[in-house]
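Notes to accompany the following structure.
All residue numbers in this chain count up from 1 along the given sequence.
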Amino acid sequence: MSITYKKSKVLSNEKIVDGIYKMVCEDKGEIKPGQFYMLKLDGQTLLPRPISICEKNGDEITFLYAVVGKGTEEFSKLRSGEEISLTGPLGNGFNLDEDLGKVAIVAGGIGTAPMVEVSKKLREKNPKGIIDIYAGFRDEVYLIENLSKYGNKVEVSTNTGKHGHKGFVTEILKVEDYDTVLCCGPEVMMKAVVNMCKEKGVKVYVSMEKHMACGVGACLVCTCKTKDGHKRTCKDGPVFDGYYVEL
């Protein structure tokens, strides 16, 4: 399967907290909230990196990424005016066209990134609807100002207690107060949220994060387990019904 990358100019690339960077690039494509792109630098790290869409404004696209290895370390050294190669948008994203009722957005760590665009589009579709946001972090928090623009309320937890509730985000979440939960973050957190939703009969959708090599379903590196066997996270996901995927 042929995968086409396009050159994109980096407009800005800045550290927002230790180990977390925000990069804004030029991109004219149409996206759906919850989709992702594959990013790579030519001639450097061989494999591209899947990065979720944090926000799309006109011809500018924002990515948030954690520096966790050689590839993302190379990204962090990019400067304004330099180029990066992109392919996307990829994946299915969240379906915001269905009636979600009262919505809780639950995010953990770097999983807060895609929820900015998700919450923005939800608010555009339902200006008077209930959209509450729950975000959990280890220590430092980020993107809260962005999320606060769209949520009725934003509740924060940190493992260290530096900000908000000390403990896990699931400790401040009452899923029974909502019709739908949209979730992205560490798998252990999403598993806990899904189990809470199952117990209370609440709809839940999760955005899975897996290592990917191609992003288009050709390499089968990123499979996840579902009720119908293994599915490709990049092609069949990354967003799945929480009752369908097996965490």
Side-chain angles (χ1 to χ4, degrees), residues 1-14 20-76 78 80-97 107 110-122 124 143 146 182 184-185 205-224 231-240:
M1 181 181 293
S2 176
I3 304 171
T4 302
Y5 281 83
K6 55 191 174 186
K7 295 287 188 180
S8 174
K9 182 185 292 186
V10 175
L11 302 176
S12 65
N13 189 32
E14 58 182 347
I20 305 292
Y21 283 73
K22 181 175 72 172
M23 178 163 56
V24 181
C25 302
E26 289 182 344
D27 185 78
K28 296 182 179 180
E30 296 293 325
I31 64 98
K32 293 180 180 179
Q35 290 184 302
F36 67 96
Y37 278 63
M38 299 295 285
L39 282 63
K40 70 174 182 176
L41 295 175
D42 292 342
Q44 299 191 48
T45 301
L46 178 62
L47 292 176
R49 299 294 187 269
I51 308 291
S52 61
I53 300 163
C54 180
E55 196 165 11
K56 185 74 164 63
N57 291 303
D59 292 341
E60 296 183 4
I61 190 166
T62 300
F63 299 105
L64 205 75
Y65 62 96
V67 177
V68 294
K70 186 176 180 181
T72 45
E73 183 180 355
E74 290 172 353
F75 290 171
S76 71
L78 283 167
S80 178
E82 296 183 329
E83 290 186 329
I84 190 169
S85 295
L86 309 176
T87 189
L90 302 168
N92 59 15
F94 288 94
N95 180 11
L96 305 185
D97 291 328
I110 200 70
T112 56
M115 295 318 201
V116 174
E117 184 70 17
V118 169
S119 59
K120 179 173 73 176
K121 292 303 182 186
L122 266 177
E124 288 177 3
L143 295 183
N146 305 69
L182 308 180
C184 184
Y205 297 94
V206 297
S207 180
M208 302 292 290
E209 293 184 2
K210 296 286 184 180
H211 291 294
M212 298 179 187
C214 72
V216 295
C219 67
L220 304 181
V221 167
C222 65
T223 58
C224 63
K231 297 290 184 180
R232 301 162 297 179
T233 301
C234 65
K235 190 72 173 179
D236 302 308
V239 177
F240 291 93

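Nearest heavy-atom pair, S52 versus F36, reported as atom, atom and distance to 0.1 Å: CA-CB, 3.8 Å. Here the closest heavy-atom approach between residue I110 and residue A66 is recorded as CD1-N, 4.0 Å. The shortest non-hydrogen separation linking A107 to M115 is CB-CG, 4.1 Å. Scanning both residues, L143 and C54, for their nearest heavy atoms gives CD1-SG, 4.1 Å. Shown here for E55 and E117, the closest heavy-atom pair between the two residues is CA-OE1, 3.4 Å.
N13 places none of its side-chain heavy atoms less than 4.5 Å from the side chain of E82. By the 4.5 Å heavy-atom criterion applied to side chains, L41 and L78 are counted as neighbours. Taking the side chain as every heavy atom from C-beta outward, L39 and C25 never approach each other to under 4.5 Å. Under the 4.5 Å side-chain criterion, counting only non-hydrogen atoms from C-beta, D27 is in contact with K6. For the pair S85/K7, a side-chain contact is recorded, criterion being any heavy-atom separation below 4.5 Å from C-beta on. Taking 4.5 Å as the limit, some side-chain heavy atom of K56 sits within range of a side-chain heavy atom of I61.
Within the 3.5 Å criterion, the main-chain N or O of I84 finds no donor-acceptor partner in the side chain of Y5.
Between the OG atom of S119 and the CG atom of L96 there is a distance of 10.0 Å, given to the nearest 0.5 Å. For the atom pair CD1 of I20 and OG1 of T72, the computed distance is 9.5 Å after rounding to the nearest 0.5 Å. Between M23 atom CE and S12 atom OG the span is 9.5 Å, to the nearest 0.5 Å. To the nearest 0.5 Å, atom CD of residue E26 and atom CD of residue E60 are 8.0 Å apart. Once rounded to the nearest 0.5 Å, the distance linking CG of L64 with OG1 of T112 reads 6.0 Å.
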Note to self: Apply salt bridge (charged side-chain N to carboxylate O under 4.0 Å, His left out) to residues K70 and E73 and explain how you reach the verdict.
What the structure shows: CA-CA 5 Å; K70 186 176 180 181; E73 183 180 355; over 6 Å; no

Without placing hydrogens or testing angles, list every side-chain donor-acceptor pair under 3.5 Å for residues 28-35, not counting sequence neighbours.
from	atom 1	to	atom 2	distance (Å)
Q35	OE1	K32	N	2.7
Q35	NE2	G91	O	2.9

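Screening L182, V118, V239, N92 for a side-chain contact (heavy atoms from CB on, under 4.5 Å) with S207, the sole residue that qualifies is V239. A ring-ring contact (aromatic ring centres under 6.0 Å, His included) with F63 holds for exactly one of Y21, F75, Y37; it is Y37.
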